[in-house]
Amino acid sequence: MSTVRTRIAPSPTGDPHVGTAYIALFNYCFAKQHGGEFILRIEDTDQLRSTRESEQQIFDALRWLGIEWNEGPDVGGPHGPYRQSERGQIYQRYVQQLVDAGHAFPCFCTAEELEQMRAEQQARGETPRYDGRALLLSADEVQRRLAAGEPHVIRMKVPSEGVCIVPDLLRGDVEIPWDRMDMQVLMKADGLPTYFLANVVDDHLMGITHVLRGEEWLPSAPKLIKLYEYFGWEQPKLCYMPLLRNPDKSKLSKRKNPTSVTFYERMGFLPEAMLNYLGRMGWSMPDEREKFSLADMVEHFDLSRVSLGGPIFDIEKLSWLNGQWLRELPVEQFAERARQWAFNNDYLMRIAPHVQGRVETFSQIAPLAGFFFQGGVQPDPALFAHKKLNADQVRQMMQWILWKLEALRTWEKDRITACIQQVAEALGLKLRDAMPLMFAAITGQANSVSVLDAMEILGPDLTRYRLRQALELLGGVSKRENKEWEKLFAAL
């Protein structure tokens, strides 16, 4: 029996998501339960959005939770490189193999042609999909256009009738009709692979035996299965995990729930409790106990105990569980963990210079700087009354600043300032006009230490969380406003 090898393959395009941690945990437990290996691979073929900062945050978040990998970009291993952006020549070789075997073909359609094709299909009431027009070109014509260096993508051929049987470890055999599948782009015009090609090639070359991924990938599984068939490779065992959901059953989203692992670290949750909570997402211990460690989960892990109902990610339930963990710590450990969380020397040294010049006694530190040691703050709504903006404009400004800061990957005071300034100027105001709103949202006070310094020290997670909280306090943003403001924001 070959060694069980599982993997997690996140995209470094934003904050480390709790959904990534959840899938990583189940892959880790499955591998360890079978005495196998767990691999971390970085899917960074989206060159515009991928960053090394985001990649490092993924490493840090998983390690904070206690999930370690046997192979990966930072620890190496025999199947590297472990970043897709460094595997370009490998993909080129394999996509050429598919073209030579007649399983894939160059497509020269422009974005405009594809748009027109989709519009015509929709007008006829059909499902929009690529119509295969490049397959009608003669071999000579294709060669001529390739020789002329015409921009093109490589697409895979898919059957147009019949069904594909997807063997899922949780659901059994799932039948998906081929007429729902598009002729997937495998290689983009820039020479980089899409998820589908890179995924199959990497999983094969890295010896992955079992793939546990989110159920949102189940509808596109036939394309992956067909690629394994085209290459003549044995496909790994597939398992589609139920998606995490908000308490209202919608797909987990940062609009309704903070989704960044780092947020929970900064809020003062214990990694053991977070991991315990993620482990309870659609899975349970044989004795049904609520509180268990990673070692407990590995020891008792069994896929047959995964339930298919969408597990609800509920912060109140997580807080309750965290309380159980906190209360069971020996008191010395409780004090030490609190010190490590926010009263450690590094964090205090970042705050001290901003506080020292503003206090006359140590007893004034807590009222002035207490917001540095809180998760959320409770500002008085009256603090958001503005001399130059009405209530709707205040919310619009704060939403725009939040969107700007959500896109900011390098969290530095100068960049934070530039984001706020851009929004202020777009609304015909100066930076100083935005600052009272920032003081209120971030510190909960009308004035305090420099709020821009405070935002840098608090970090992106707590800063964005407090801006979201302030927006909720002011009545939130309606769907209509969200749509209108997004259009205006895009034009900034």
Quick one: do Asp202 and Tyr91 satisfy side chain to side chain donor-acceptor pair (under 3.5 Å)? Show the steps, please. CA-CA 9 Å; Asp202 290 348; Tyr91 306 129; 2.8 Å; yes
List the steps, then state whether side chain to side chain donor-acceptor pair (under 3.5 Å) holds for Arg305 with Ser284. CA-CA 6 Å; Arg305 297 195 62 80; Ser284 58; 3.1 Å; yes
Could you measure the distance from the [atom1] atom of [X] to the [atom2] atom of [Y]? Nearest 0.5 Å is fine.
{"X": "Arg41", "Y": "Ile8", "atom1": "CZ", "atom2": "CD1", "answer": "10.0 Å"}
{"X": "Glu175", "Y": "Ile165", "atom1": "CD", "atom2": "CD1", "answer": "4.0 Å"}
{"X": "Thr463", "Y": "Ile401", "atom1": "OG1", "atom2": "CD1", "answer": "12.0 Å"}
{"X": "Asp74", "Y": "Leu40", "atom1": "CG", "atom2": "CG", "answer": "7.0 Å"}

Charged N to carboxylate O below 4.0 Å: is that the case for [X] and [Y]?
{"X": "Arg415", "Y": "Glu456", "result": "no"}
{"X": "Asp15", "Y": "Arg409", "result": "yes"}
{"X": "Glu37", "Y": "Lys32", "result": "no"}
{"X": "Arg145", "Y": "Glu141", "result": "yes"}
{"X": "Arg468", "Y": "Glu406", "result": "yes"}
{"X": "Arg63", "Y": "Glu68", "result": "yes"}
{"X": "Glu229", "Y": "Lys226", "result": "yes"}
{"X": "Arg5", "Y": "Glu71", "result": "yes"}

Just wondering, do [Y] and [X] contact through their side chains at under 4.5 Å, heavy atoms?
{"X": "Leu205", "Y": "Ile90", "value": "yes"}
{"X": "Thr417", "Y": "Leu431", "value": "yes"}
{"X": "Asn276", "Y": "Ser293", "value": "no"}
{"X": "Ile225", "Y": "Pro167", "value": "yes"}
{"X": "Phe196", "Y": "Val185", "value": "no"}
{"X": "Cys109", "Y": "Arg133", "value": "yes"}
{"X": "Ser50", "Y": "Ser11", "value": "no"}

[X] side-chain N/O to [Y] backbone N/O, donor-acceptor pair under 3.5 Å:
{"X": "Thr45", "Y": "Thr194", "result": "no"}
{"X": "Arg83", "Y": "Pro73", "result": "no"}
{"X": "Glu486", "Y": "Lys483", "result": "no"}
{"X": "Asp190", "Y": "Leu192", "result": "yes"}
{"X": "Trp411", "Y": "Met455", "result": "yes"}
{"X": "Glu215", "Y": "Leu243", "result": "yes"}
{"X": "Asp248", "Y": "Ser250", "result": "yes"}

To check you understand the geometry: which heavy-atom pair defines the closest contact between Asn27 and Leu212, and what is its length?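 Closest heavy-atom pair between Asn27 and Leu212: ND2-O, 2.9 Å.
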For Val261 and Ala21, work out which heavy atoms get closest and say how close.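 Answer, listing the atom of Val261 first, then Ala21: CG2-CB, 4.0 Å.
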For the pair Asp46 and Thr13, evaluate side chain to side chain donor-acceptor pair (under 3.5 Å) and give the outcome as yes or no after the intermediate values. CA-CA 8 Å; Asp46 184 342; Thr13 55; over 6 Å; no
I would like to know whether Asp392 and Gln396 meet side chain to side chain donor-acceptor pair (under 3.5 Å); could you show each step before the answer? CA-CA 6 Å; Asp392 289 344; Gln396 183 183 356; over 6 Å; no
Can you establish whether the number of heavy atoms outside [X] located under 6.0 Å from its atom [atom1] is more than 12?
{"X": "Gln47", "atom1": "CD", "answer": "yes"}
{"X": "Glu53", "atom1": "CD", "answer": "yes"}
{"X": "Lys237", "atom1": "NZ", "answer": "no"}
{"X": "Glu412", "atom1": "CD", "answer": "yes"}

Any luck finding a side-chain donor-acceptor pair between [X] and [Y] under 3.5 Å?
{"X": "Asn199", "Y": "Glu43", "answer": "yes"}
{"X": "Arg7", "Y": "Asn70", "answer": "no"}
{"X": "Glu112", "Y": "Gln116", "answer": "no"}

Verify the ring-centre separation between [Y] and [X]: is it less than 6.0 angstrom?
{"X": "Trp233", "Y": "Tyr94", "result": "yes"}
{"X": "Phe30", "Y": "Phe26", "result": "no"}
{"X": "Tyr28", "Y": "Trp69", "result": "no"}

Please verify the inter-ring angle class for [X] with [Y]; under 30° counts as parallel, over 60° as perpendicular, anything in between as tilted.
{"X": "Trp400", "Y": "Phe489", "result": "tilted"}
{"X": "His210", "Y": "His34", "result": "parallel"}
{"X": "Trp217", "Y": "Tyr195", "result": "parallel"}

Quick one: side chains of residues 419-429, donor-acceptor pairs under 3.5 Å with protein atoms, not counting sequence neighbours, listed by atom name and distance.
from, atom 1, to, atom 2, distance (Å)
Gln421, NE2, Glu425, OE2, 3.4
Gln422, OE1, Lys404, NZ, 3.3

Stepwise side-chain contact (heavy atoms from CB on, under 4.5 Å) check, Ile42 with Gln84: CA-CA 6 Å; Ile42 294 291; Gln84 288 186 340; over 6 Å; no
Run Leu197 and Leu98 through side-chain contact (heavy atoms from CB on, under 4.5 Å) and show every step you take. CA-CA 11 Å; Leu197 176 73; Leu98 291 174; 4.3 Å; yes
Please confirm whether Arg245 makes a cation-pi placement over Phe313, using NZ or CZ under 6.0 Å from the six-membered ring centre and within 45° of the ring normal.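 Judged by the rule, Arg245 and Phe313 form no cation-pi pair.
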Go through it in stages, so that I can follow the logic: the residues are Val166 and Asp173, the test is side-chain contact (heavy atoms from CB on, under 4.5 Å), and I'd like the CA-CA distance, side-chain angles, deciding distance and then a yes or no. CA-CA 5 Å; Val166 181; Asp173 286 349; over 6 Å; no
Mind checking what makes side-chain contact (heavy atoms from CB on, under 4.5 Å) contact with Leu135, not counting sequence neighbours?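 Leu135: side-chain contact (heavy atoms from CB on, under 4.5 Å) contacts with Phe105, Lys157, Met183.
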Applying side-chain contact (heavy atoms from CB on, under 4.5 Å), can you list everything that pairs with Glu316, at least two apart in sequence or on another chain?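 Glu316: side-chain contact (heavy atoms from CB on, under 4.5 Å) contacts with Asp314.
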Worked check of side-chain contact (heavy atoms from CB on, under 4.5 Å) between Arg395 and Glu481: CA-CA 10 Å; Arg395 285 184 306 113; Glu481 287 172 328; 2.6 Å; yes
